[in-house]
Amino acid sequence: MFIEENGALILKKGYETLKIEPWGTDSLRVRATVEPDFTGNVWGLTEKVAPCNAKIQIAENGASIANGKAKICISNNGILTLYKEDKLVLREYHRHYDTSATKESVCLKIVNREYKGLTGGDYKFTLRFYGNDGEKLYGMGTYQMPYLDMKGCTLELCQRNSQISIPFALSSLGYGFLWNNPATGRAVFGKNITEWVADSTKEMDYWFTCADTPAEIVRNYTSVVGRAPVLTKDYLGFWQCKLRYRTQEEILDVARRYKAMGIHLDVIVIDFFHWMRQGDWAFDPEYWPDPKAMCDELHEMGTKVMVSVWPSVDKKCNNFYAMKEQGLLVRTDRGSDETYDYNGDCITFDATNPAARKFVWDVCKKNYADYGIDMFWLDNSEPDYAAYDFNNLRYYLGPGTSCSNIYPRYYGQAFYEGMKEMGRKNFVNLERCTWVGGQKNATVIWNGDIQSTFECLEDSVCQGLSMGLAGIPWWTTDIGGFMGGNTDDPEFIELLERWFEFAVFSPIFRLHGERVPHDVPNLAEGIDYGGGFMFTGRPNEIWSYGEEAQKIMEKNIRLRESLVPYIEGVMKEASETGAPAMRTMFFEFPEDCTCWDLKDQYMFGSEYLVAPILHLGEKSRKVYLPQIDGMWTNIHTGEKTAGGQWITAEAPIDQIPVFKR
């Protein structure tokens, strides 16, 4: 039975209730459940939207609802067909007997919306659509693969170190689709079928928008999930980091040397195991005796100080028993309660619990922020687990399979809200993972602990572009990759130089890495805790790789500094419209068919076309210049070239091809 209620179209058929309602510009929200009522969860759709008057029609053979360009028709047997205006873009896949579905195969017994009951009351839910020939799909976050177009891919909807699941897909057919569900599961973008699977849920929930350009789709999407604040110029220069600065004198010596060289550090970073034990969230006083004095000196240089925070809580740390007593830790349903085993017997704090968020922030405020620490590096924020056994985890919000993916967004929220309450303004934190809407928490996201290889550099370009289309404009990588990178290896030094040149034209310009071999003696022996026992990597400052590499990196730092006024404008645009800083070529040139297939070049803002060098020994590469009014100017040579053609661009070791519009 179809009914119209408060501007929504509702179908009640058998045990299922289906509800479709307008939700933002040219957009519709679709929910379905076999429970008595909907949960009321908004999940990613956190922003207030202006009321919309949808056009609803109910007839003998079905019903329809339209909000601007987005339209959905429902047959009497509950099959949905999604339209951009009058163009069909998605149709539910239904191959089961029904007298009102005479054109469908009736033997397969496959349904469009499948609920499989689970012990405890939730359902494993699968939504199926027909595939579209020729369609391209983009976005979805970060996956370790060299693809920008996700068509043909199967994607795990789970958070892992170096995998960030943000289930928003942008289609070349002119629509965007948000799977508004934090459950673990998968997305299958097959040639014949598209499937969205939630491992444990009480309802189906997705959001559908239509627009004429990718920029308009992203604008519609970010208007309902939220946008990043304005990223100010204080953070747009050079960030220095390594695994790991072990004492406050080490970090001050590095900052002083950069100052003497005339290179300004916007940010310097204190990495992990500066603490006694995980979960103390405090400096080891032996190696960090006066954090306030350290911060004061760095602030006099105009440098902000970032400190690493992990969500793991060692059973021997100062805060464990208080947190356990108050129920602030993630639980396991069976076996050991340990969830993390890297250098300790740890349990993860439950960021989905508001009380746990407040507890952790209060400790970090006292032990870090009150000394003058400006920023927090929210590492392991997926969170990292000893085993990604989601069906053995239980959060404040529910079973791990029902809500694990939203964890990092709440982790970032804990520090965002705490810093706002302190009166901090224009602050930024760094986080390894997020979920839909995480950009609102003023977090820069990076692509995790990836390897120091050209393959990972190539993947990183696709990942930065995919994150931008998924609503995340503040994004970065570890320059040179994190894992490995032998400081004596000429091939690694070439990789570092090429990565450095790429990072100049990414939202955040940050040097970090493990750097091997691990031949630096520990500060302390015979103990398994404190700031002195953990290894460190080799030096990772720009002077650590020889005179030639240093000159190349100094040159590119100056180039980045010259771009800061331009990048300020790009970041303001990101805050106002959701447009990413790193943009796919088709984002700026949607009418150029060639641009929809380009994954190894991109636009940095609307003005700069960037073509990174992604292979060892490469000194030139093919670049596609789209047709524009005017000419493309090579920023290194000043040479002007007409668009609408492929060219071969030179790339000596100290620069990558970049063209100004």
Side-chain angles (χ1 to χ4, degrees), residues 144 161-162 238-255 257-258 268-275 278 284 286-288 308 310 341-344 377 379-380 384 432 446-460 476-503 510-554 614-617 653:
Q144 293 302 319
N161 183 353
S162 75
F238 183 48
W239 296 23
Q240 174 63 49
C241 185
K242 67 159 285 187
L243 181 91
R244 63 186 176 93
Y245 296 118
R246 300 173 294 175
T247 72
Q248 69 181 58
E249 276 308 306
E250 281 187 9
I251 208 163
L252 288 170
D253 286 347
V254 167
R257 182 164 178 180
Y258 274 114
I268 196 164
V269 185
I270 301 167
D271 202 348
F272 70 170
F273 284 87
H274 59 264
W275 47 68
Q278 295 170 74
D284 180 340
E286 182 174 350
Y287 303 104
W288 307 86
S308 175
W310 285 15
D341 61 0
Y342 182 74
N343 282 285
W377 180 359
D379 206 348
N380 292 10
D384 202 351
R432 199 166 74 184
W446 94 101
N447 57 340
D449 295 344
I450 60 174
Q451 291 73 37
S452 295
T453 65
F454 273 100
E455 290 82 2
C456 282
L457 173 56
E458 184 175 3
D459 290 355
S460 294
T476 187
T477 62
D478 297 342
I479 293 175
F482 176 72
M483 300 180 72
N486 191 315
T487 58
D488 297 325
D489 182 356
E491 292 188 358
F492 170 70
I493 293 174
E494 182 177 334
L495 169 68
L496 180 70
E497 292 162 345
R498 291 309 197 186
W499 208 310
F500 205 90
E501 293 155 15
F502 155 67
R510 182 180 64 98
L511 180 61
H512 182 52
E514 180 181 20
R515 307 302 172 251
V516 296
H518 292 149
D519 55 3
V520 180
N522 288 356
L523 294 175
E525 298 294 341
I527 58 174
D528 63 356
Y529 64 92
F533 95 98
M534 176 61 71
F535 69 89
T536 183
R538 280 190 172 185
N540 188 48
E541 295 73 39
I542 65 170
W543 54 79
S544 306
Y545 298 94
E547 185 176 344
E548 180 185 2
Q550 179 178 337
K551 287 180 179 178
I552 290 171
M553 287 188 274
E554 283 192 64
L614 305 175
H615 305 97
L616 183 68
I653 191 60

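- Taking CD of E541 as the reference point, atom CD of Q240 lies at 5.0 Å (rounded to 0.5 Å).
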After noting the C-alpha distance and the side-chain angles of W275 and W288, does the key distance pass the side chain to side chain contact (heavy atoms under 4.5 Å, CB included) rule? CA-CA 9 Å; W275 47 68; W288 307 86; over 6 Å; no

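- D284 and G531 get closest at one heavy-atom pair: OD2-N, 2.8 Å.
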Candidate pair D384 and Y342, rule side chain to side chain contact (heavy atoms under 4.5 Å, CB included), full reasoning: CA-CA 10 Å; D384 202 351; Y342 182 74; over 6 Å; no

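- Taking each heavy atom of R498 and I653 in turn, the nearest pair found is NH1-O, 3.6 Å.
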Would you please test D459 and I450 for side chain to side chain contact (heavy atoms under 4.5 Å, CB included) and show each step? CA-CA 10 Å; D459 290 355; I450 60 174; over 6 Å; no

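- Side chains of Y545 and N540: a donor-acceptor N/O pair is present below 3.5 angstrom, by distance only.
- Atom CZ of F502 is surrounded by more than 12 heavy atoms from other residues, nucleotides or ligands within 6.0 Å.
- The heavy-atom pair separating H512 from L243 by the smallest distance is CE1-N, 3.7 Å.
- Checking side-chain atoms of E514 against main-chain N and O of G484 turns up a donor-acceptor pair under 3.5 Å.
- Across all their heavy atoms, N343 and M534 have their closest contact at ND2-CE, 3.2 Å.
- Panel note: side chain S452, backbone G480; a donor-acceptor pair is recorded below 3.5 Å.
- Salt-bridge annotation for E548 and K551: absent, with no side-chain N of the basic residue lying under 4.0 Å from a carboxylate O of the acidic one.
- A donor-acceptor contact shorter than 3.5 Å is absent between the side chain of T247 and the backbone of Y287.
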Dump the intermediate steps for side chain to side chain contact (heavy atoms under 4.5 Å, CB included) on L511 and L496, then the final yes or no. CA-CA 9 Å; L511 180 61; L496 180 70; 4.0 Å; yes

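- Ring geometry for H518 versus F535: interplanar angle of 30 to 60°, hence tilted.
- The aromatic rings of W310 and F272 are tilted relative to each other, their planes meeting at an angle between 30° and 60°.
- Looking at every heavy atom in both residues, W377 comes nearest to R510 through CZ2-NH1, 4.4 Å.
- Taking a cutoff of 4.0 Å between a charged side-chain nitrogen and a carboxylate oxygen, R538 and D519 qualify as a salt bridge.
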